[in-house]
Amino acid sequence: TYDYIIVGAGTAGNVLANRLTENPKTQVLVLEAGVSDQGVLAAIVPFLGPTLTPGTQYDWNYTVTPQTGLNGRTFPFPRGRMLGGCSSVNYMVHQYGSSADFDKIAHLTGEPGWAWNNIKQNIYKHEKVVPPADGHNTAGQYIPANHGTNGILPVSLPGASQAIDARVIATTQELASEFPYSKDQGGGDVLGIGWVQSSIGGGKRSSSSSTYLADAIKRPNLSVLINAQVTKLAKTGTVDGKPSFRAVHFSCDQNTNPTVVHAKKETILAAGAFGTPQILQLSGIGDKADLTALNIKTIVNNPSVGKNLSDHVLMPNIFNVAGTASLDGLMRDTTLFSVALNLWNTTKTGTLANGIVSNLGFLRLPKNASIFATVPDPSSGPTASHWELIVANFFLYPGVATPSTGSFMTLISALISPTSRGSVTLASSNPFTKPLINPNFLTTAFDIYAIREAVKASKRFASAYAWAGYVLSPYGGLSATSDADIDAFVRETASTMFHPVGTASMTAKDAKWGVVDPDLRVKGVEGVRVVDASVFPFVPNAHTQGPTYLLAEKAAELIISSC
Ligand code: FAD
């Protein structure tokens, strides 16, 4: 028998697996639908991360429903389906968000424990900053006091220099009022452009599996099952008038009868922003009208389950560039690639020891932007951002193959404070049928305005003198200049940044909407918590693994202190 059953050995799930088994008397079972990450080279070599998704055995292979804001297009929405979850397949950008994000969550939930000054303490437990793979001097590239050196997960600055790095930094000096240099985005102050911190150590990916799980798996009180897909939680009784759900059904495929296991203390859903609301709905916890239509008996009618889906929007602005210093050649030329892989194999250095970007930053729309005449500022606060600029030294256009000739640079403009909200709903009562994922991208006036302005700003960035002789011309639809043409280009091009949150939102105990209380317990239910990115009520000013790690560390404290 187990004290806790954790559903999903993903980013957050493995943090809990580790922290809850620090007490040798606590028995924990983790159920993971996906496969092992052991020996999967692309989950170890940082630069190969993007080859793990979409359309592989390591991906859930979801597709978004036709997006009305994107000309009715559909496209893949990757999610990791292996030990480590998305932390094993993501692009390893590692940051925590704006202090304003957590202060806003504390305000929304009425729980000061979520405020930045409290939550930031978990950085030191979580993070272990290590030297970059190339051993370069990192002075001025981050603020050491913001970071941990004794935590569990190795984090480092870029491990291989790129030909365009110096031009990016020169642009932050030349155009300092619009694109200031940021010394460190990991300390709650995100504004400005600087050096990326990544979940990479010693030239290898740090996932929740290679760190938290690897550390804990030796303990006899931790059991982990892979190929174990949870199909539902079942009601086991009523406590204080609330149904308790301490039975967990799982199976390796739809032709095999489910096995049922029981948690003595709690069932913890850590199945991610799509998996968690799907399991809640399959268990009869959701919108009664939706569940009834699928002949699922409603046990707790909560229309918020699966709603409020929010994600950053990714918009690639691609430029033709001069020379052969971009990484496009490496990706086309198998001989060059083998040399790079050999270097990584022998020394864990070189381009493949690095993530796919070295510089990025968060920016605001101008104070006098016309949209604010009609729409309140949706950012978390005046120190938080509206959009992000990410600099990639190659052709980065999800779903579109690199052209066979030419050199490119991509400036991604990402919408960071979206106001569009979508949903995750069941397509069927069959747990093996994928849910309907509708992020509702760019369906509000603010969102299309902000991304349009971000596209224009990216072009201003690339027009700095620092790029003279290097940036040649905009590629494809980026040559658009009128607002209408830029909007058409955006709606034809934009897709996901892979940062879904909000589908099991955390709200105040007495709020009229929301799925979990500030202590992450499912509202109206006894014995079940949600600990994953789905509880963030809005998407933070960060690539979402860092905030998820801090959330999971905090959740572990909440769970341990409540028993
Ligand atoms: P996950 O890590 O997805 O964990 C959920 C786990 O539950 C998975 O292992 C899944 O297989 C399992 N599961 C789901 N359903 C079931 C079920 N029914 N039964 C059993 N197990 C189940 N973030 C960054 O910070 N930086 C980046 O560079 C970055 N790049 C990304 C690139 C890609 C391609 C993707 C997909 C994501 C990226 N992200 C990035 C996002 C980030 O990784 C996620 O937001 C974060 O890791 C989510 O953590 P989680 O614990 O909520 O879910």
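Atoms within a ligand are numbered from 1 in the order they appear, just like the ligands themselves.
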Do [X] and [Y] sit within salt-bridge range, that is, some charged N less than 4.0 Å from a carboxylate O?
{"X": "Glu266", "Y": "Arg246", "answer": "no"}
{"X": "Asp189", "Y": "Lys183", "answer": "no"}
{"X": "Lys554", "Y": "Glu557", "answer": "no"}

Among protein heavy atoms, which sits nearest to [atom], and what does the distance come to when rounded to 0.1 Å?
{"atom": "atom 18 (N) of ligand 1", "answer": "Val230 O, 3.0 Å"}
{"atom": "atom 24 (C) of ligand 1", "answer": "His543 CB, 3.2 Å"}
{"atom": "atom 44 (C) of ligand 1", "answer": "Thr544 OG1, 3.8 Å"}
{"atom": "atom 30 (N) of ligand 1", "answer": "Tyr91 N, 3.1 Å"}
{"atom": "atom 12 (C) of ligand 1", "answer": "Glu32 OE1, 3.3 Å"}
{"atom": "atom 29 (C) of ligand 1", "answer": "Asn90 CB, 3.4 Å"}
{"atom": "atom 35 (C) of ligand 1", "answer": "Phe498 CB, 3.4 Å"}

Distance under 4.0 Å to a non-hydrogen atom of [X]: what atoms of ligand 1 satisfy this?
{"X": "Arg81", "answer": "11 (O)"}
{"X": "Met92", "answer": "27 (C), 28 (O)"}
{"X": "Leu31", "answer": "20 (C), 21 (N)"}
{"X": "Thr53", "answer": "34 (C)"}
{"X": "Arg79", "answer": "35 (C), 36 (C), 37 (C)"}
{"X": "Ile279", "answer": "17 (C), 18 (N)"}
{"X": "Pro78", "answer": "36 (C)"}
{"X": "Gly10", "answer": "2 (O), 4 (O), 6 (C), 9 (O)"}

Among [options], whose heavy atom sits nearest [atom]?
{"atom": "atom 28 (O) of ligand 1", "options": "Val501, Thr11, Val93", "result": "Val93"}
{"atom": "atom 14 (C) of ligand 1", "options": "Gly8, Ala542, Ala271, Pro431", "result": "Ala271"}
{"atom": "atom 3 (O) of ligand 1", "options": "Ala273, Cys86, Gly272", "result": "Cys86"}
{"atom": "atom 20 (C) of ligand 1", "options": "Ala33, Ala533, Gly34, Ala12", "result": "Ala33"}

Non-hydrogen atoms of [X] versus ligand 1: any pair closer than 4.0 Å?
{"X": "Trp60", "value": "yes"}
{"X": "Met82", "value": "yes"}
{"X": "Gly13", "value": "no"}
{"X": "Ala228", "value": "yes"}

Donor-acceptor check, side chain of [X] to backbone of [Y], threshold 3.5 angstrom: yes or no?
{"X": "Asn317", "Y": "Leu411", "result": "yes"}
{"X": "Ser385", "Y": "Phe362", "result": "no"}
{"X": "His499", "Y": "Met497", "result": "yes"}

Atom pairs and distances, side-chain donor-acceptor, residues 223-231, under 3.5 Å, sequence neighbours left out:
unit_1: Gln229; atom_1: OE1; unit_2: Arg81; atom_2: NH2; d: 2.9
unit_1: Gln229; atom_1: NE2; unit_2: Pro431; atom_2: O; d: 3.4
unit_1: Thr231; atom_1: OG1; unit_2: His249; atom_2: O; d: 3.3

Counting only heavy atoms, which portion of [X] has something under 4.0 Å from ligand 1: side chain, backbone, both, or neither?
{"X": "His499", "value": "side chain"}
{"X": "Asp532", "value": "both"}
{"X": "Phe274", "value": "neither"}

OG/Ser198 to CD/Gln545 distance, rounded to the nearest 0.5 angstrom?
8.5 Å
Going from CD on Gln281 to CG on Leu426, what distance comes out if it is rounded to the nearest 0.5 angstrom?
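Here the interatomic distance stands at 4.5 Å.
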Is the terminal nitrogen or CZ of Lys104 (NZ for Lys, CZ for Arg) located under 6.0 angstrom from the six-membered ring centre of Phe538 and within 45° of that ring's axis?
yes
With Arg79 as the cation and Phe274 as the aromatic partner, state whether NZ or CZ is under 6.0 Å from the six-membered ring centre and within 45° of the axis.
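Here Arg79 passes the 6.0 Å and 45° test against Phe274.
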Under the criterion side chain to side chain contact (heavy atoms under 4.5 Å, CB included), I'd like the reasoning laid out for Ile152 against Lys128: C-alpha separation, chi angles, the key distance, then a yes or no.
CA-CA 6 Å; Ile152 291 192; Lys128 178 162 64 180; over 6 Å; no
Looking at Lys204, I want to see if its NZ is surrounded by more than 12 non-hydrogen atoms of other residues, nucleotides or ligands under 6.0 Å.
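Counting other residues, nucleotides and ligands, NZ of Lys204 stays at 12 neighbours or fewer.
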Could you check Glu111 against Asp517 for side chain to side chain contact (heavy atoms under 4.5 Å, CB included), going step by step and ending with a plain yes or no?
CA-CA 10 Å; Glu111 174 46 59; Asp517 287 336; over 6 Å; no
Check Val28, Leu20, Ile5, Asp3 against Lys265 for a side-chain contact (heavy atoms from CB on, under 4.5 Å) and give me the one that passes.
Asp3
